[in-house]
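Structure record follows, encoded as structure tokens.
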Amino acid sequence: MTKKRMLFVLFIIQMMFFLLLGRLVQLQLVSTESFHGMNLIEASVEQRTQQMIIDDGRGMFVDRNEQPLTYDYIPSLVLFPFLKKIDWPIEEVATVLSISKQTIIDQLHEAKAPFILFVNEQPFRLTERQMKKINDLRIPGVMAVKKQYPLERKYAQHLIGLLGENQTLFQQRYPDKKLSAKTKIGISGLQSAFDEFLIQDGETKLLYHVDGSGEPLFGMDVKYMEQANPFYPITIQTTMDRSLQAEVEDIVRMHGMEKGAVVLLDVQTSDILALMSVPEMDEDDPYKDGAAENQALLPQIPGSIFKVVVAAAAIEKGLVPSERTFDCSKKINGEPNDEDDDSFLSFKDSFAVSCNNTFGILGKELVQKENDILEQYAKKLGVFSLVGWNGRVYHFHDFRPLSEEKKGTIWANEQDQKVPLAIAQTAIGQKDVRLSPLAVANMMATIARGGEVKQVRAAKKMMYKNGTTFFEFQEQTLTDETLQRDTIEQLQQLLREVVQHQRGTGRAFQSLPYSVAGKSGTAETGRKEIVNKWFAGYFPSEQPKYALVVVQLETESAKAVTNAVFADIVRAIYELDQLQEKGRDER
């Protein structure tokens, strides 16, 4: 029995040995590239490799002056930790950089992985000349590169958008791409709209190999590996102006606006120069309290802002001759207006003081002529449709950079077009009227430039890595149906009167360094004493350059900062323009 037991134990040991041997054969010879979905050869190499990512390979955004908006490339010095164990010309490197040798020694002493040389807690920024000198020395473990750094300040969070890891979305968008499912993709904003053009096609990195104890394998040079395609990554040149964006953000924060939006457009092109939505996003929890929503692209209750549309239609239909007056002592329902002592006012004065009854009456007269007349004139003003740029971009037949923009409404129920009070409420921008701040800004730009209705651009072009143009977003009209020249001129005068009139709702802007034309709006939200406060306009009123909309959403009238924000933005832009003009004169 003892002999049989011993033979059995030996048999078991022998079988275990053969199983182990078979497993080793599988690991070393058979399944080296496909062991449970893992490439064992690559994993082995990675285990013996240290690396530094120089560029993650994703495309970037710049402003209209090619100033970076997402990250920058800084000429930096990379040092590898094995340098502290070998003799190398450290004095020569220190001389090229004009820094002390000890600065380099101290940072090397602490290093356990490749690192960037820092001075005064910032990456040491090399000159082009220093970069060339360092790389001409050909010292192993010492390289000068242009490294990618995220900007410390986040510009236009909502417009640029979010990046994140979303394995499900990644697989839906790119089922054939051989990239890690953890690759960051665009989740919102321009990052999402341009994701297919921006997504990385490989990293740029520095590599060196180590032995089992982590020591460098001498005789093996540091390798510089970059994307195989020399034209990538792509850069998106936006229409934004980084300086103006920074001013807008600082002003909105200073005044403590809790919810709302600011849109600044170039009058001649309808290009977005600056755009801000509040509340701002917390990077750690961007969806908290709905902060990820871009309020500038969402339809809001406009209140008296909509009177501009009614005014345009009334002028062209001949309803407002100079001698006609309106009873502003009454509300739109015919009841006495206890808040106003006005009796009969002209159309011009009614617009300046924003008399509701005037526009309730005109709205009813207009809709009686044509049911869809308000939609017609809203479209002619560039305020009623999706106003963002759209068109064919390679295989995208309807590419929209502002993909989160929502279309507004005028009538939610066609039956309201037969109800006098509902028509009057609609004519003063209440009931179901909804317009986005972006669309309202486009309306102001349309009036300011003389009536041509353009699509709003957020991007100018896409550029290859070498700076050549990959695709250009040409200016495009939104509609060929425009207002008559005389109508535009009368609207321009009406908007100036809002500010210049002694009782105008925009008279607070009379002392600004740029003359302003525009329209105020206080929209009831259905919640007691909670309103949307607007001011939309353009400036300088004589030779318009900028269209600006500021809306504070869901606030108490007494706590509204809309006018203060608008005024401070105008002042800031004036000062920036003066500095630029002075710079041109000095040149």
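Quick note: numbers below take in every heavy atom, side chains included, and nothing from hydrogens, waters or symmetry partners.
Remark: side-chain polar atoms of Gln500 are not paired, donor with acceptor, to backbone N or O of Gln510 under 3.5 angstrom. Remark: side-chain polar atoms of Gln191 are not paired, donor with acceptor, to backbone N or O of Ile185 under 3.5 angstrom. Here the side chain of Asn120 pairs no donor or acceptor atom with the backbone of Gln122 at under 3.5 angstrom. Glu316 places a side-chain N or O within 3.5 Å of a backbone atom of Gln484 that can act as its donor or acceptor partner. Here the side chain of Trp534 pairs no donor or acceptor atom with the backbone of Ser304 at under 3.5 angstrom. When atom types are taken as modelled, the side chain of Asp289 and the backbone of Ala291 share no donor-acceptor pair closer than 3.5 angstrom. Under the 3.5 Å distance criterion, the side-chain polar atoms of Gln148 are matched with a main-chain donor or acceptor of Asp56. Distance alone, capped at 3.5 Å, places no donor-acceptor pair between the Asn390 side chain and the Phe399 backbone. With hydrogens and angles disregarded, no donor-acceptor distance shorter than 3.5 Å links the side chain of Thr562 to the backbone of Ala560. The backbone N or O of Glu524 lies less than 3.5 Å from a partner atom in the side chain of Gln430, making a donor-acceptor pair.
Residues Val433 and Leu374 fail the side-chain proximity criterion, which asks for heavy atoms closer than 4.5 Å. Using a 4.5 Å heavy-atom threshold, the side chains of Gln493 and Gln490 count as separate. Ser270 is not listed as a side-chain neighbour of Arg457, based on a closest heavy-atom distance of 4.5 Å or more. Between Asp266 and Thr239 there is no side-chain heavy-atom pair separated by less than 4.5 Å. With contacts defined as side-chain heavy-atom distances shorter than 4.5 Å, the pair Ile272/Trp389 does not qualify. Residues Tyr514 and Asp577 have side chains in contact (heavy-atom distance under 4.5 Å, counting atoms from C-beta outward). Taking the side chain as every heavy atom from C-beta outward, Val499 and Ser541 never approach each other to under 4.5 Å. A 4.5 Å side-chain heavy-atom check between Met444 and Lys519 finds at least one atom pair inside the cut-off.
For residues 234-256, the pairs satisfying salt bridge (charged side-chain N to carboxylate O under 4.0 Å, His left out) are Arg64-Asp241, Arg153-Glu249, Arg153-Asp250, Glu249-Arg253, Asp250-Arg253, Arg253-Glu280, with sequence neighbours left out.
The shortest heavy-atom contact between Ala378 and Val309 is N-CG1, 3.7 Å. Here the closest heavy-atom approach between residue Ala312 and residue Leu483 is recorded as CB-CD1, 4.1 Å. Across all their heavy atoms, Ala523 and Pro302 have their closest contact at CB-C, 3.9 Å. Pairing each heavy atom of Ile116 with each of Pro123, the nearest pair is CG2-CB, 4.2 Å. In terms of heavy atoms, Thr238 sits closest to Leu190 at CG2-CD1, 4.2 Å. Taking every heavy atom of both residues into account, Ile530 and Thr525 meet most closely at O-OG1, 2.6 Å.
Relative to the ring axis of Phe384, Lys407 places its NZ or CZ within 45° and under 6.0 Å from the centre. Cation-pi geometry between Lys380 and Tyr377 is met: under 6.0 angstrom from the ring centre, within 45 degrees of the axis.
Classification of the Tyr464-Phe470 ring pair by plane angle, with boundaries at 30° and 60°, yields tilted. Aromatic ring orientation, Phe61 versus Phe194: perpendicular (interplanar angle above 60°, classes split at 30° and 60°).
Aromatic rings of Phe471 and Phe473 (six-membered ring for Trp) have centroids within the 6.0 Å cut-off, being under it. Ring centers of Phe535 and Phe509: under 6.0 Å apart, within the cut-off.
Taking CZ of Arg507 as the start and CD of Gln502 as the end, the distance is 9.0 Å to the nearest 0.5 Å. Once rounded to the nearest 0.5 Å, the distance linking CG of Leu163 with OG of Ser188 reads 8.5 Å.
Applying the 6.0 Å contact sphere to CD of Glu258 captures no more than 12 heavy atoms from other residues, nucleotides or ligands. With a 6.0 Å radius and a threshold of 12 heavy atoms from other residues, nucleotides or ligands, Asp480 has its CG atom at or below the threshold. By the neighbour-count criterion of 12 heavy atoms within 6.0 Å, atom CD of Gln376 is densely surrounded, having more than that number from other residues, nucleotides or ligands.
Look at Lys460 and Asp63 and you find no salt bridge, because none of the NZ, NE, NH1 or NH2 atoms lies under 4.0 Å from a carboxylate O. Between Glu481 and Lys379 no salt bridge is recorded (no basic side-chain N to carboxylate O distance below 4.0 Å).
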Can Thr269 and Glu475 be said to form a side chain to side chain donor-acceptor pair (under 3.5 Å), step by step? CA-CA 7 Å; Thr269 59; Glu475 291 180 39; 5.3 Å; no
Evaluation steps, salt bridge (charged side-chain N to carboxylate O under 4.0 Å, His left out), between Arg434 and Asp432: CA-CA 6 Å; Arg434 301 290 185 274; Asp432 299 311; 5.2 Å; no
What verdict does the side chain to side chain donor-acceptor pair (under 3.5 Å) test give for Gln295 and Gln300, after you've listed the backbone C-alpha separation in whole Å, the side-chain angles of each residue and the deciding distance to 0.1 Å? CA-CA 8 Å; Gln295 301 298 335; Gln300 317 289 352; 3.1 Å; yes
List the steps and the verdict of salt bridge (charged side-chain N to carboxylate O under 4.0 Å, His left out) for Asp72 and Lys146. CA-CA 9 Å; Asp72 198 2; Lys146 289 187 177 179; over 6 Å; no
Step by step, work out the side chain to side chain donor-acceptor pair (under 3.5 Å) result for Asp195 and Tyr174. CA-CA 11 Å; Asp195 195 53; Tyr174 311 111; 2.6 Å; yes
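With respect to Leu273, the side-chain contact (heavy atoms from CB on, under 4.5 Å) criterion is satisfied by exactly one of Val263, Leu264, Leu265: Leu264.
In this structure, a donor-acceptor pair under 3.5 Å is present between the side chains of Glu542 and Ser515. Lys533 and Thr555 share no donor-acceptor pair across their side chains, judged by distance under 3.5 Å alone.
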Please tabulate, for the side chains in residues 568-576, all donor-acceptor contacts under 3.5 angstrom to protein atoms that are two or more places apart in sequence or on a different chain.
unit_1: Asp568; atom_1: OD1; unit_2: Arg571; atom_2: NH1; d: 2.7
unit_1: Asp568; atom_1: OD2; unit_2: His255; atom_2: NE2; d: 2.6

